[in-house]
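Have a look at the structure below, then the notes.
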Amino acid sequence: MKGLKKFAIVFLILIGSGLLIYNSKIGTDILLTEERKIEDFNYLYNTIKENYPFLEVNKRLNNVDWLSKKEEYLQKIKNTETDDEFLMVLDDMLSELNNGHTNMITDSKQFKFFREVYTMSKGWQKKVQLPVINNRKALARYNVDKNQKIAVVDEGKNGEIKGVKNASVKDIEEGKIGYIRIPQMISYYNMNMDIELIDEYLDKCKDYEAMVIDIRGNGGGDSGYWMFYLLPKLINKSYTQTTYCFWKDGDLINNFIKKSKLKYENDFGEVKDLNTKPLTNLPPEVKKDFKYYCKNTIKMEPSEESINFKRSIYLLVDKGVYSSSEILASFAKESGFATLIGETTGGDGIGSDPLLGMLPNSGYVFRFSKDMGVTSDGTCNEEFKTKPDYFVENPWVNTFEHDKCIKKVLELEEK
């Protein structure tokens, strides 16, 4: 696909937690007294209370009434002695929201990654996210020089983008059933090797009887992987999906809406003015606790380079499918472009990047999901995820011979 290197699409990646080692260079204005820790705690608690969309979902799914635990969290904050202990308590506190997009930024490696990503972005992220992560307190806390540049692409000797090894391809039945394994939705900046591999393979498979796309265990990354490349390269006709996003009335949400100019787009408004009758599965808290909505239509068209595949397409999924891979699963289920095989996915795919925030005293940065994304009938994606068309228990194994999802594909093809 032409011009791929020019795309600057920000991608989400879930990074494991670690501890930020105390930085002796931090200025005295962000050294933490108990009073300052409590102020930061209250800021974080109130930010979640006023902006975070899944508090009621967490109650229903996990029986966690997060807001009611304020005094418990506060006591733990008061018992911390070091900055690292304070950070651990905050991260543990956010972990009880049970959302993979909501956490503290716990080390400088994560911080540098997000800073580079948002420096390279051109949309609302640059206006909303970058000022947070470039705040002088945040830079000092994570021991980052404001002029420091961290490469997030793999460059060759002459500065060209090499890409990374990610996808793999193989025939399930030689000359009949193709298979593409995508373990991560890597960024467009790193896709060169995947594009070269998949382009060559799909050109060979265009007359096959079936195609299998395996995203089991894919925790997300860049939605552009499938929106701007994979599906346009594969499909033979248009497919669409209608979704809605809902937001609360918190300060960080209002700043996001203002800076992203959502108010100037079509199908944006206040929940009180939305006809919710077609949204039969809409969570009850939306009408009570949320202020804004946006209706979105995702439309996928074949590209000029498409192989126009006309036969069966199967998407293999499991509970590890999350974020930008989740929205692919949701799109496949709603639009009908593929048959889903596996287990119910991980959720939280409808919407856009989590918001960043900074604690005013410590400079610690956190992020949280901002959108409640729902399907065309109002089903909350974070709560109900995406259910496969054919359920397979324990759907992931390392070999084709023992892979129950592959066996289900073969069974369906025989029929």
Side-chain angles (χ1 to χ4, degrees), residues 3-21 23 25-26 87 91 100-166 183-195 219-225 227-229 252 255-256 259-260 322-325 352-359 362-370:
L4 292 177
K5 295 180 184 177
K6 297 181 180 179
F7 282 93
I9 301 174
V10 174
F11 66 106
L12 305 177
I13 187 167
L14 302 178
I15 307 173
S17 296
L19 288 181
L20 181 68
I21 298 174
N23 174 16
K25 296 181 180 180
I26 292 174
L87 178 61
D91 199 43
H101 287 141
T102 304
N103 58 275
M104 300 298 299
I105 305 304
T106 55
D107 59 40
S108 59
K109 182 179 179 181
Q110 295 179 43
F111 181 88
K112 290 173 183 177
F113 169 80
F114 285 115
R115 184 167 181 261
E116 183 67 22
V117 166
Y118 292 127
T119 298
M120 295 166 68
S121 67
K122 295 181 179 179
W124 67 265
Q125 293 93 340
K126 194 159 191 173
K127 298 176 182 178
V128 176
Q129 311 281 57
L130 200 56
V132 175
I133 216 156
N134 273 341
N135 186 287
R136 65 176 185 84
K137 284 189 177 181
L139 292 169
R141 170 58 67 180
Y142 293 91
N143 197 21
V144 173
D145 186 324
K146 66 179 180 180
N147 298 315
Q148 184 176 357
K149 297 294 183 181
I150 306 297
V152 296
V153 296
D154 186 9
E155 292 188 353
K157 292 181 180 179
N158 299 318
E160 78 278 7
I161 298 175
K162 293 169 58 179
V164 297
K165 291 183 179 180
N166 179 56
Q184 184 182 327
M185 299 297 177
I186 58 175
S187 165
Y188 256 36
Y189 288 112
N190 291 312
M191 275 185 65
N192 286 14
M193 295 180 74
D194 275 16
I195 290 170
D222 183 352
S223 299
Y225 190 106
M227 285 185 173
F228 293 97
Y229 170 64
L252 269 63
N255 182 55
F256 154 71
K259 296 289 179 61
S260 62
Y322 191 74
S323 191
S324 58
S325 61
S352 58
D353 282 18
L355 277 181
L356 296 179
M358 189 198 77
L359 302 184
S362 64
Y364 285 127
V365 175
F366 61 96
R367 65 176 192 151
F368 63 93
S369 280
K370 66 183 184 307

Look only at the side chain of [X] and the backbone of [Y], and say whether a donor-acceptor pair between them is shorter than 3.5 Å.
X	Y	answer
Tyr142	Ile105	yes
Ser324	Gly221	yes
Asn166	Gln184	yes
Gln129	Pro354	yes
Tyr322	Gly100	yes
Ser362	Tyr364	yes

Which heavy-atom pair separates [X] from [Y] by the least distance, and what is that distance?
X	Y	result
Phe111	Ile133	CZ-O, 3.1 Å
Met104	Gln110	O-OE1, 4.1 Å
Trp124	Ser260	CB-CB, 3.5 Å
Asp353	Tyr118	OD2-OH, 3.3 Å
Ser323	Gly219	CB-O, 3.7 Å
Leu252	Leu356	CD2-O, 4.0 Å

Regarding Lys370 and the six-membered ring of Phe256, is the cationic atom NZ or CZ under 6.0 Å from the ring centre and inside 45° of its axis?
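Positive - Lys370 is close enough to the ring of Phe256 and near enough to its axis.
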Checking Met358 now: which residues fulfil side chain to side chain contact (heavy atoms under 4.5 Å, CB included) with it, not counting sequence neighbours?
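Expected list: Val132, Asn135, Lys137, Ala138, Val365.
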